[in-house]
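A short worksheet on the structure shown next.
Convention: sequence-line order gives letters A, B, ...; per-chain numbering from 1.
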Amino acid sequence: MTLRTRFAPSPTGQVHIGNLRAAIFNWLFTRHEGGEFLLRIEDTDRERSTPEAVQAVLNAMEWLGLTTDGEILYQSTRREAHLAAADKLLQSGHAYKLDKGGTGKGEAVLFKMPGTDMAFRDLIKGDLHKAATDLQDFVIVRSDGNPVFHLANVVDDIHMGITHVIRGDDHVENTYRHVALYRALGAPVPQFAHLPMIVNAQGKPYSKRDGAAYVGDFREKGYEADALFNYLALLGWNPGDDREVMPRDELVAAFSLDRVQAKAAQFDFRKFEWMNAEYLKRLPADVYRQRFRRELSAAGLLPDDVAESYLDAVCALLRERIKSWPETALQAGYFFTEQYPFDPDAVRKRLKKEGATELLAALRDAYSALPSFDAASTEAALRGIAEARGINASELIHPLRVSVTGQPGGPSLFHLLEVLGRDRTLARLARPIPA
RNA sequence: GUCCCCAUCGUCUAGAGGCCUAGGACACCAGGUUUUCAUCCUGGUAACACCGGUUCGAAUCCGGUUGGGGACGCCA
């Protein structure tokens, strides 16, 4: 029998990182074992299941590279099979009809629990058991004739031949019901593995109040899919050695459910950002340039007539400095517009300082007379002025940077000037000090 | 309230009786490199929740306490 797993989200909006991690662990486990990873959309809730929500699931999986095997199963197409299973259970005496609670809504179909203590082995949490008295009969078909989650879930997992159910912690208690259903239906019981939750600093389930909680949030903010994948894989699991930044194939090779943590894990955004920066560093040059361009364009900073060589030069200069894409506008903006913002503190400290204006004028004169405007020449000229005046080179360097970039920090100043070019540099030096 | 689960640095974790004076990573602090910020390098602060057993020996096994979380729908 081939090992088979599934990801079975209900499309009710966006994909939460907790769900995404369940998908990742399923995928990693399946790829490691050489099995099949299937997708089932649990869209029986007509109210909330929209085509957009289904698309959000598909987009998220594609973005993260969570490849699936076989056709996608839409649970809404399985209604007849669910009801047939309920009939079978009614026939075999495993279920009965009842107007539960005397609501007058009509009779629902209830599944009859076996009346014995139950136990199952969870691949993550170990042996779990529950006393018969804590196991109550439950509704499998509502009085309006619609199948309930438990029935649909189990019937479909049987139909799909799922051998390993890897899902969230919140389903632990449901598992006793599900195991009983498998048995009553005469189907082999799959293996179960329940993943602990992702929590916030308060130990509560991580939600959008705690920051980026949906896959789309990460994507929109320009984080790397591979970084999110890697970080989430390491949240509640580790390879058993000190590796952390791990390419996809290494994760697959090292993954095993018995190294999954039994306790909840807190999402640490700072460590995630570190991970993202690690992935940014490793990006191939051409991919990096493509992303760089996309960010500038999104920020409305990319002129239509920009020269490719100029863009390349700026990109190369900033390559080691940008740790996340959202900061691109600030880091790179001044290369493309004269309307770059000035950092107020830097202006006060460097440009409004005694003598700064005069020094900048001297620099301007020297730079306009330079035979060649390259990094070595601009640096030599600046140091020459500093020496002639008996001042520290930094007395010139700081005002120059702020005047030309508006920022207190940035890439190597003289290389920056070379990329910026003489014309822009001189024009900026000639401008009055911003208020 | 009932039932279930969990418990190592602030965070993610290594650790499956002696290798632990508890290791790594993020964060933090200090120093170095740098014109600046960042990077980078070096070093540092920081944890076995508590109590009792078992054992020659316990972070590791057992029990209890405390704390945290989850589940208790004709939702999924």
Side-chain angles (χ1 to χ4, degrees), chain A residues 8-12 42-45 47-49 75 98-101 103 105-110 122 124-126 128-131 133-136 138-150 152-153 167-176 194 196-197 199 201-205 231 234-245 258-259 261-275 277-278 281 318-323 327 331 343 346 349-350 379 382-383 386 392-402 405 407-414 416:
Chain A
S10 37
T12 55
E42 305 212 328
D43 58 347
T44 52
D45 184 340
E47 301 279 310
R48 293 190 291 171
S49 300
Q75 193 162 61
L98 177 74
D99 180 4
K100 193 184 172 204
T103 57
K105 279 193 274 186
E107 291 188 317
V109 179
L110 275 77
D122 189 279
I124 294 170
K125 294 177 180 294
L128 266 20
H129 48 81
K130 199 124 183 153
T133 49
D134 295 320
L135 268 5
Q136 302 300 316
F138 59 97
V139 174
I140 53 176
V141 179
R142 297 190 191 89
S143 52
D144 64 4
N146 286 314
V148 167
F149 162 74
H150 303 294
N153 196 265
R167 72 221 311 194
D169 224 347
D170 47 335
H171 285 298
V172 171
E173 311 279 329
N174 288 335
T175 306
Y176 298 97
H194 288 96
M197 340 187 61
V199 299
Q202 287 71 240
K204 303 285 184 186
Y231 179 78
L234 250 39
L235 196 58
W237 174 83
N238 71 80
D241 51 41
D242 289 340
R243 285 177 295 169
E244 295 210 291
V245 179
D258 55 22
R259 295 202 64 87
Q261 218 69 19
K263 65 170 177 177
Q266 204 172 309
F267 191 95
D268 182 354
F269 215 88
R270 286 188 294 198
K271 184 152 186 175
F272 165 68
E273 288 196 304
W274 163 79
M275 180 72 80
E278 290 297 311
K281 277 186 213 163
L318 293 171
R319 165 95 219 215
E320 299 300 324
R321 309 190 53 83
I322 294 178
K323 289 172 72 187
E327 65 186 85
Q331 290 272 8
D343 182 274
K349 198 168 159 196
R350 308 297 189 187
E379 177 163 10
L382 181 142
R383 292 196 186 280
N392 210 310
S394 62
E395 296 290 319
L396 286 158
I397 286 168
H398 291 298
L400 174 57
R401 176 187 293 282
V402 180
T405 72
Q407 297 301 309
S412 163
L413 179 58
F414 302 107
L416 180 159

When we call it a touch if two heavy atoms are under 4.0 Å apart, what does [X] touch: a base, just sugar-phosphate, or nothing?
{"X": "Gly240(A)", "result": "nothing"}
{"X": "Gly410(A)", "result": "base"}
{"X": "Leu128(A)", "result": "sugar-phosphate"}
{"X": "Glu42(A)", "result": "sugar-phosphate"}
{"X": "Val172(A)", "result": "nothing"}
{"X": "Leu413(A)", "result": "base"}
{"X": "Asn174(A)", "result": "base"}
{"X": "Pro196(A)", "result": "nothing"}
{"X": "Met275(A)", "result": "nothing"}

Closest to the [X] side chain: [options]?
{"X": "Asn238(A)", "options": "A14(B), A76(B), U36(B)", "result": "A14(B)"}
{"X": "Lys263(A)", "options": "U13(B), C4(B), U11(B)", "result": "U13(B)"}
{"X": "Val139(A)", "options": "A14(B), G69(B), C74(B)", "result": "C74(B)"}
{"X": "Glu173(A)", "options": "G73(B), A76(B), A71(B)", "result": "A71(B)"}
{"X": "Ala265(A)", "options": "C12(B), A25(B), C40(B)", "result": "C12(B)"}
{"X": "Arg259(A)", "options": "A76(B), G24(B), A14(B)", "result": "A14(B)"}

In whole angstrom, what separates [X]'s [atom1] from [N]'s [atom2]?
{"X": "Gln331(A)", "N": "A38(B)", "atom1": "CD", "atom2": "P", "answer": "11 Å"}
{"X": "Phe269(A)", "N": "G10(B)", "atom1": "CZ", "atom2": "P", "answer": "23 Å"}
{"X": "Tyr176(A)", "N": "C72(B)", "atom1": "OH", "atom2": "P", "answer": "14 Å"}

Do Arg270(A) and Glu273(A) meet the salt-bridge criterion of a basic N to acidic O distance under 4.0 Å?
->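 Judged by the 4.0 Å cut-off on N to carboxylate O distance, Glu273(A) and Arg270(A) do not form a salt bridge.
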For C19(B), which nucleotide in any strand shown is its Watson-Crick or wobble partner with both distances under 3.5 Å?
->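 Base partner found: none.
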Pairing partner (Watson-Crick or G-U wobble, both distances under 3.5 angstrom) of C9(B) =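 No nucleotide pairs with C9(B).
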Ser412(A) (side chain) and U35(B) (base): donor-acceptor pair under 3.5 Å |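 Side chain to base: pair present.
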Side chain of Lys271(A), base of A27(B): donor and acceptor closer than 3.5 Å?
->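 Per atom types, no contact qualifies.
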Measure the spacing between NE2 of His129(A) and CG of Asp134(A) and express it to the nearest 0.5 Å.
->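 Here the rounded value is 11.5 Å.
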Which word best sums up how the rings of Phe272(A) and Tyr231(A) line up, parallel for under 30°, tilted for 30 to 60°, or perpendicular for over 60°?
->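 Geometry flag for Tyr231(A) against Phe272(A): perpendicular rings.
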Nearest-nucleotide 5' precedence on RNA chain B, Ala264(A) against Arg383(A) |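 So the residue in question is Ala264(A).
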Considering all heavy atoms, the nearest Arg167(A)-His194(A) contact =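 Nearest pair, atom of Arg167(A) first, then His194(A): CD-NE2, 3.1 Å.
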